[in-house]
Each structure stands twice: as C-alpha cells, then as structure tokens.
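Below: the structure, in structure tokens.
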There are 2 protein chains.
Amino acid sequence: MERDIAISSRVRVARNIKGRLFPASMSREEGLEVRTLVKAAIGDEFRFEYSDIDDLKNIDRTILVEKRLISKELLKRPEISSFLVDRQENTTIMVNEEDQIRIQSISGGLDLDSAWEKCNRVDDILEAKLEYAFDEEFGYLTSCPSNTGTGLRASVMVHLPILVGNGLVSAIMHSVGRAGITIRGIYGEGSKAVGNLFQISNQTTLGETEQESIEKLRNIVSQIIDRETQAREILCKSSRVELEDRVYRSLGTLTNARIITTDEAMRKLSDIRLGVDLGILKLDLDRIDRLTMEIQPGSVQKKIGDEVSEYRRDIKRAELLRAELI
Amino acid sequence: MERDIAISSRVRVARNIKGRLFPASMSREEGLEVRTLVKAAIGDEFRFEYSDIDDLKNIDRTILVEKRLISKELLKRPEISSFLVDRQENTTIMVNEEDQIRIQSISGGLDLDSAWEKCNRVDDILEAKLEYAFDEEFGYLTSCPSNTGTGLRASVMVHLPILVGNGLVSAIMHSVGRAGITIRGIYGEGSKAVGNLFQISNQTTLGETEQESIEKLRNIVSQIIDRETQAREILCKSSRVELEDRVYRSLGTLTNARIITTDEAMRKLSDIRLGVDLGILKLDLDRIDRLTMEIQPGSVQKKIGDEVSEYRRDIKRAELLRAELI
C-alpha cells in the first residue's frame, strides 16, 4: 500500500446526458432539469446526501473545495450545480460542473482499483437510468475534448519531500509527460507544490481502456514512489542527524508559533509526515491528513466564525496546530 | 538595577611595576619575576586561586576566555602569564597580559560602583607592596597609551534586541563615540553582535578621574537602556503577538534542534531572554546567562572530552540546550 508516500488515490469519470447542452451553455431551466434527473436516477442508492450549491454559504463552499470533496469548477454556476456525497465522504457526484455529471471516488494509499470500482458502481447505476452522450467511435462525449473517450481521470496524491529537495521533481514531471501522465502541485500551481504534495494523473482518455489508463498510472506512480524511497534511504544513511534536526525543528515551530501562514504550516507538516515515515516521530498519519485540511484558510475561517483578516486566521491556525500537536 | 537589559558591569585597571619592561618586551626571566612579585604581593588576601597559563590545557584556556574570566591577550605569552581569581569568580588579576597587572571585577546588572570598589580594594593591596609605574603628570603608565592615566576601563554588558532590530544601534554607536564611549559586540566584532549582546565602555583614561569616567559611562548606559525599554514598550503595544511568536519559535528551535551553531543558539537565547524580560516566558535569567557561556565552542568541546569537529560540537550543543530547556 505504500501508505506513507502515496496518500490517496482518486478516480473520476465525466458524463453527460444525451441530447442536452453542456453546463457552460445551458439555461437555468435546463440546468435544474439535469439536477432533478441525476438526483432521481441515483435514488436511495449509497444513501448519498444531496446539496444544492446555492443553498450553501460561501465559507462552506470553500471548505468543501479544501476538503477536495468538490471542485472549484462546481462553484462557477451555483444556481444550477449540486453534489451528492456518501457518508464516508469517499464518493461524490457533482452535477453541472464542467460536465453535467462527474463521479469521483477516493481511497487511501495507492489503491486505484478500489476507487475505480466504487466510481464504476455509481456510474452503472446512473447509466441504467440515464442515456449518456456516447459515440461509438469516440466514447463518452465531454465538454472538454481532453476528457472525451473514457472520461476517466485517475490520480494519486503523493508526498515527495526528498525528491523536491533534490530538485528531481521537475525532471520526473518532464519525463512522465511523454507517457501522458501529469504531475501537479496540490494547493499550489505547477511544480511549486505546497507541502511537497503532488497529484499524479493520466491525461489520455482516448485510445485506451479505463483499466489501461489506471494500470499505466499505477506503474508510473510506483516508480516515482520507489525513487522517493531510495532517495530517503540514501539520505537516512548520509544525513540522519540533519533529517532529525529538520523534523524536530518543524515540530518545534508548529508547537510554538503564535502566527503561521498556510504555506509555512504545510511545509512544516510535510516535515512531520516525513518524520513519521522515517520513524523519527510517532504520530498518526490520519491526524496529519486531517490537520492538512483543517489549516486551510476556509476551515480556519469557519472555526473563528465571523469573516476575519488573513492575520487573524494566521493566529487561529497557530492555535489549532498547538492544540493538536502539543 | 535594570537587571534585564544591563546584564553585568565590569571595571578593570591596568598597572605596571616601576622600572620593569612591559610584557611584550620582557625576557622570560623578567616575566617570571613579575609573576612572583604579584603573587607575593596579594598574599592570602581574598583567598585568590592562582594559576599559571602554561599549566593549563588549551581547552581550559579557551573556556576561561569564553567565561570572560581572562582575556585572549593573556594567552599570548603563556610561558610568563598567570592569573588569580576569587572564589565567586568575580575578581581576576591577570599577570603579564598587555600590562603586567590587570585587575578586573564584575558585578550583576548596572552596578559599576560595586565593581569599581572591589577592583580598587585589590589595587590598594597590590599598591601597598609594589611600586607602580606612575607619572605625576600622566598618571599610571601603561603599555598602550590608550590606557595611560587612570588605567581604567569600565564597561557594561547590555542586551539590545529591539534596538538592533530597529537598526538604531549603529546610530547610537556613532553618537556615543563623540563622548568617548564605545559600543562593541560581545563574542563578535563591531555592530554585528552575536546574540544582541554589547559591551559599552569608556575610552578616555586621561584628564578625568575614575569616578568621572564611571559616572559618564553610567549616564550613557542608562540612556541606552531607556531607549531599549521605550522601544520594547512601543513594540509590545503594536506587535505583542509577533513578539510572542518570535520568542516561542526560538524556544521551539532550542528545545527541538538536533544540530545548532553557536551563532544561532546565541540568537535564539537572545529571544528567550527578551521573552523573560517581557513576561512571556518564565525562566531564570541566571540560567540563561550560564547557558550563554556553556554553549560556547570551548565549553561544549570540554563536555565531549576528545577534540572533535565543529559538526560534533553543534550536535552536542543541541543536546545541552534540550537538556537545560525542556
């Protein structure tokens, strides 16, 4: 499972209903019809909880994005978009995002099969009730051609502190790009990943099956995990004390700071995670995963209540971290 | 006493025996004669402990300098130099430093009178037995003309973290210079004081009495202390959280680092001292004073035993700090 470097796996499929416009072009009425159709199609299966975006406060929308339960794109047309989420918050159906229907499922570690299986089950249920826009030659039709075909995007969130430190991530990004795989920073842009967290995903949806896409991604992710693992082993041999110093200093900062930005907290939490992986610290990785989300601006804002300045959030964030880690 | 900003006061006088060469020019025999003369003159007074420099290991010499019990200059001609120190380690007589006799006494806080009184008492005892090189017009004759006259150098060690942060220290240095007062970094050179510690001292020994020199120094030190105090008050009002953040982060580093240089440790200890002064932390200032000496390279080296690399000392220093502060 390589739970330490691969944090989670995610699979999503993009679908649209035959004969209906894509969300960007549809009228409000058409949007509401799609919403109703999808809600009816899923019925009581999986006991999804349904929410319309326009019923949610801005802060709650932000938190859903920070928790990666929904995408930013879903917030573009709040008057027609909605989502359904299961109780474990592992599977989400977004309605009227870039496509009318996006089903995404997440599982822990490097476990694309489970994620794909859950995603596929929900897809089958919907497909039994709705006629998807599908072309014999191209496959599933989507708003953006880059999704046409399988409509599948599989991705793995990985933590690569040592490969980032070595400056090897950009070389890897370049080389996997040729295989139709992309590496992006999470909560950041491009190679400037905040907290050394990256999302590795397939870019190809045409000319290969879902299983082929998933298999290719898994192979490449495994190779990247191996490289991070090897780099860690080398560093542990050559610079164990320096690694311990880095990990403990970051713990010292997180347990003592009175003001801390999201970026700095993410960087320090990355060191803590590395410390746990290397057996330097004993801490629950799930707790670190949870903290990583809870220190994001929206979540911190929500804890304070009133809309406040970034400065007040930085103080509250430091409080939260001390409360969790001391 | 302003114990927080003024850490200690020190007075020293430079003396030479009439008709004898200064140490830089004397033969080994002459040096040994002076040593014997001074030792005999002090007798059992104050129950000084006597040591010849050439009986001491290099590491112990270094530690004496770090503890500021003796000066670096005393190590220049170890074959003829020695020193006497009282039990409290407050008063030292150095023999065959730049001058044949240098008596120095230290007291806590801003208390130049006590230091001067102790120094003066030892001086009187020696002067009763030895004929000093003295000129009716110039006063006490010394190796370097800058000490001729009273032979007195009074100094106060001050901790100026906020004036350093404001960049005001160099302006103050410049303005007190015109009054014959110098500000120097301790354990460092010029304005680049390690750990924000400075020594403020008189430069004039001609044309003014000992009391006048001391009085002038005390006035200027008091003014500088006032400026630091005011700057702290302003900062406490405008940026209390930032100050707390700075103090606690430094505590976090000192209690967590696995490798730490002397410079970094001094900077962090400066923050800790500031935190105690401002009531943010509760810690004994004497313990911080002691730590400030114990983390110096020689003292750390001594704890390890064998001669080791700077790297090993940096690891040991981190250990010592954790043991003291956690």
Side-chain angles (χ1 to χ4, degrees), chain A residues 165 235-265 267-276 278-283 295 300 304 308-326, chain B residues 165 235-265 267-276 278-283 295 300 304 308-326:
Chain A
L235 210 59
C236 274
K237 272 185 197 142
S238 69
S239 318
R240 179 77 186 180
V241 186
E242 283 79 358
L243 275 172
E244 290 178 0
D245 187 56
R246 168 177 166 180
V247 167
Y248 276 106
R249 279 173 181 254
S250 292
L251 184 64
T253 300
L254 290 176
T255 52
N256 281 282
R258 260 55 187 170
I259 312 176
I260 195 163
T261 62
T262 312
D263 268 28
E264 186 187 5
R267 274 185 275 119
K268 303 300 177 192
L269 279 177
S270 166
D271 287 339
I272 301 301
R273 185 186 293 277
L274 178 65
V276 173
L278 301 179
I280 296 170
L281 295 179
K282 288 213 192 316
L283 258 172
I295 59 166
V300 174
I304 304 177
V308 294
S309 63
E310 200 176 313
Y311 176 74
R312 281 273 291 123
R313 282 202 302 272
D314 289 350
I315 293 175
K316 183 71 181 177
R317 182 176 299 109
E319 261 178 59
L320 291 172
L321 284 162
R322 294 201 304 281
E324 274 292 327
L325 293 172
I326 289 179
Chain B
L235 210 59
C236 275
K237 273 186 199 141
S238 70
S239 318
R240 179 77 186 183
V241 185
E242 283 78 358
L243 276 171
E244 289 178 0
D245 187 57
R246 168 176 166 180
V247 167
Y248 276 105
R249 279 172 181 255
S250 292
L251 183 65
T253 300
L254 290 175
T255 52
N256 282 283
R258 262 54 188 170
I259 313 174
I260 194 163
T261 63
T262 313
D263 268 26
E264 187 187 4
R267 273 184 276 119
K268 302 300 178 193
L269 279 177
S270 166
D271 287 339
I272 301 301
R273 186 186 291 279
L274 178 65
V276 174
L278 300 180
I280 295 169
L281 295 179
K282 289 214 189 316
L283 258 171
I295 59 167
V300 174
I304 304 176
V308 293
S309 63
E310 199 177 313
Y311 175 74
R312 280 273 291 122
R313 283 202 302 272
D314 289 349
I315 292 175
K316 183 71 180 176
R317 183 175 299 110
E319 261 178 58
L320 291 173
L321 284 162
R322 293 202 306 280
E324 275 291 330
L325 293 173
I326 289 180

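Every chain is numbered from 1, with letters handed out A, B, ... down the list of sequences.
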field: Contact class of B:I259 relative to chain A, heavy atoms under 4.5 angstrom
entry: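 Both backbone and side chain.
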query: B:L254 versus chain A, heavy atoms under 4.5 Å apart: side chain, backbone, both or neither?
result: neither
- prompt: Rounded to the nearest 0.5 Å, how far does CD1 of A:I315 lie from CD of B:E244?
  reply: 9.5 Å
query: Distance from A:T253 atom OG1 to B:N256 atom CG, nearest 0.5 Å?
result: 8.0 Å
- prompt: Quick one: are B:Y248 and A:T255 in side-chain contact, heavy atoms under 4.5 Å?
  reply: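 Not in contact.
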query: Side chains of A:I260 and B:R249: does their closest heavy-atom pair fall under 4.5 Å?
result: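 Yes, close enough: below the 4.5 Å cut-off.
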Using a 3.5 Å cut-off and no angle test, enumerate the donor-acceptor pairs between side-chain atoms of residues 318-326 of chain B and protein atoms at least two apart in sequence or in another chain.
{"from": "B:R322", "atom 1": "NH1", "to": "B:A257", "atom 2": "O", "distance (Å)": "2.8"}
{"from": "B:E324", "atom 1": "OE1", "to": "B:R287", "atom 2": "NE", "distance (Å)": "3.4"}

message: My understanding is that only residues two or more places apart in sequence, or in another chain, count here; which of them pass side chain to side chain donor-acceptor pair (under 3.5 Å) with B:E310?
response: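 Scan of B:E310 (side chain to side chain donor-acceptor pair (under 3.5 Å), adjacent residues dropped) gives none.
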